[in-house]
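Order of the sequence lines sets the chain letters (A, B, ...), proteins ahead of strands, with each chain counted from 1. Side chains are part of it too, since the values below use all heavy atoms of this structure and drop only hydrogens, waters and symmetry mates.
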2 protein chains.
Amino acid sequence: MSSIPTQLSPGIEIAALRNKCSTCSMHELCLPVGLDVDDMRRLDSVITKRRRVLKGEMLFRMGERFTNLYAVRVGHFKTTHIDSTGLEQVTGFQMAGELLGFDAIATESHHCNAVALEDSEVCELPFSRIEDLSREIPNLQRHFHRMMSQEITREQGLMLMLGAMRAEQRLAAFLVNLATRYARRGYSAKAFQLRMTREEIGSYLGLTIESISRLLTRFRKQGLIAVAHKEIVLLDIEGLKTLISTTNNSESLSIKPCD
Amino acid sequence: MSSIPTQLSPGIEIAALRNKCSTCSMHELCLPVGLDVDDMRRLDSVITKRRRVLKGEMLFRMGERFTNLYAVRVGHFKTTHIDSTGLEQVTGFQMAGELLGFDAIATESHHCNAVALEDSEVCELPFSRIEDLSREIPNLQRHFHRMMSQEITREQGLMLMLGAMRAEQRLAAFLVNLATRYARRGYSAKAFQLRMTREEIGSYLGLTIESISRLLTRFRKQGLIAVAHKEIVLLDIEGLKTLISTTNNSESLSIKPCD
DNA sequence: CGTTTAATTGATCACTATCAACCGTCGTGG
DNA sequence: CCACGACGGTTGATAGTGATCAATTAAACG
């Protein structure tokens, strides 16, 4: 489960075997959702390039000309934005089956950096060819629109979080969101590895690293989670979900055991 | 300029004259960007319905089945989200030429309420017909994707704001954003009317109404703006822009004249 | 190992929320 | 036309949350 191919070896043959949407384990989540075998083959003919991105490397950077979307095949990414003052902020975390680069379509230049959080692999989706193909394959068009819309929804969720939730709620929501996404990929929703640092979580949630650290400690003391370094176990997902929708001033009286 | 037809009378004739993309004053900003006369005509044949929405009325509501996108023709809207605790939050403000409903494509049901901030008028864009047509008109397809991407970018901007900016910066950014959007529509970037209440601004920016009120007062005392009720004049747009990128701890020493 | 980076924990401070009182404006109906 | 009421907005006093500053501790890496 935690195994990422540490050595993706001299690849052509492997490519021929595995580098197809039809055989990719993510095809139930990724762009090819809803395509029949024939259409999937046509999509395969457009998505020919795979790219490995080592931990810490950039897949694309702000300002770079946009030509491809990317689908995460293996691994995890973060997207970051650097504002005029030089402050870097995390705008998202992407895992296998998720697409990167939607924000670049409008201006044809990337608005964020995409950085691998571990050794990862992506499929290159030449955007204009995807557009061509989605004019011929309504199911592809439809699902492509769905995925863009999903990205809009995701960001709205984050907006709502940043606008209205307190620190505790934000972190709880973040953990539950990760859990959900892992579950859909067939991984455990309860136990997983945080691929990002506390600082990156904080940046994403609009909080400081110290707050993240303190909150994790508090959640642990409350028996909601178990954490050791980057390994985390959600011991009480329902409890976390309750936290999320707990209104500010509501009876934090009854239980607030330690500390 | 402030004139909304108070009585859009027994409309067929008016419709024939005005209710076409080709003659709409927003066609440089709205969906038909980049279409030639012929394609515009085809789009006209799909966008046949206009709808008036009076101040305070809902164009669509959360949970409602999605069939149409909407383009604002005249007036202003807000989109709001109501969470499980019943808290209502503003997620966006839309003006003429902007599209509403992108977030509903993924699940085919609306994720937000759209409410008119003044008597307004929208064009109904039957989504499946737009998809059909954009398979036939690459320029339409391209621009449609651009508009969705723009929406993603807009929300990212808001995320960055909510995650990293302080109250003062948020409000300054908000005002400058409005100014830019009015300018592109040929209106004054400096003087305009706030169509939303202070409370709605606060909700959108993750602040309370009291904070908005205080900040407007402070901006006024600093000579950055002039406000009276909903009328606002940006006296020093550069000053506002400077505020936005002013880092937290930076010399608030030199100038902080009155209270 | 030694050095660097990530994380934890504590003490204090600042920003903005909250609570509260009050004012002005607009719309309505007497 | 004026009085009333409701709503939106302003202003002040206080408090809470999370930032900031600072000091350790723990892990990761060469």
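- As rounded to whole Å, 8 Å separates atom P of dG18(D) from atom CD of E168(A).
- Atom NE2 of residue H111(B) and atom OG1 of residue T153(A) lie 5.0 Å apart, to the nearest 0.5 angstrom.
- At whole-Å resolution of the value, NZ in K230(B) and C1' in dG24(C) are 14 Å apart.
- Axis angle, first five pairs versus last five pairs of the helix from dC1(C)-dG30(D) to dG30(C)-dC1(D): 40°, rounded to 10°.
- Summarising the geometry, atom CD1 belonging to I212(A) is positioned 11.0 Å from atom CE belonging to M196(A); distances are rounded to the nearest 0.5 Å.
- Side-chain atoms of R214(B) and base atoms of dG9(D) include no donor and acceptor less than 3.5 Å apart.
- Checked by distance alone, R166(A) brings no side-chain donor or acceptor within 3.5 Å of a matching partner on the base of dT16(C).
- Taking atom NZ of K55(B) as the reference point, atom P of dG8(D) lies 10 Å away to the nearest angstrom.
- Within a 6.0 Å sphere centred on NZ of K230(A), other residues, nucleotides and ligands contribute more than 12 heavy atoms.
- Distance E200(B) CD to dC7(D) P: 14 Å, rounded to the nearest Å.
- A tilted orientation is assigned to the rings of H76(B) and Y182(B), their planes being inclined by 30° to 60°.
- The closest side-chain donor-acceptor pair between T80(B) and E88(B) falls under 3.5 angstrom.
- R218(A) has its CZ atom 13 Å from the P atom of dT9(C), to the nearest Å.
- Applying the 6.0 Å contact sphere to CD of E199(A) captures no more than 12 heavy atoms from other residues, nucleotides or ligands.
- When atom types are taken as modelled, the side chain of S203(A) and the backbone of V90(A) share a donor-acceptor pair closer than 3.5 angstrom.
- Considering only the side chain of I209(A), dT8(C) comes nearest among dG12(D), dT8(C), dT9(C).
- Contact check of residues 201-208 of chain A against DNA chain C (heavy atom, cut-off under 4.0 Å) returns no residues at all.
- Considering only side-chain N and O atoms, H229(A) lies under 4.0 angstrom from the phosphate OP1 or OP2 of dA27(D).
- A straight line from CE of M196(B) to P of dG8(D) spans 15 Å, rounded to a whole angstrom.
- Evaluation of atom-type donor-acceptor distances gives no pair under 3.5 Å for the side chain of R170(A) against the base of dG18(D).
- T180(A) places a side-chain N or O within donor-acceptor distance of the main-chain N or O of V176(A), the cut-off being under 3.5 Å.
- Protein atom CG of L171(B) is 13 Å distant from nucleotide atom P of dG9(D), rounded to whole Å.
- One can find a donor-acceptor pair under 3.5 Å joining the base of dC19(C) and the side-chain atoms of E210(B).
- Put simply, the side chain of R220(B) never gets that close to the backbone of L215(B): no donor and acceptor are under 3.5 Å apart.
- Within the nucleic acid shown, S213(B) comes within 4.0 Å of at least one base atom, counting heavy atoms only.
- Distance E199(A) CD to dA26(D) C1': 17 Å, rounded to the nearest Å.
- In this structure, R198(B) reaches the dT10(D) phosphate: one of its side-chain N or O atoms is under 4.0 Å from OP1 or OP2.
- I225(B) has its side chain out of reach of V233(B): every pair of non-hydrogen atoms, C-beta onward, lies at least 4.5 Å apart.
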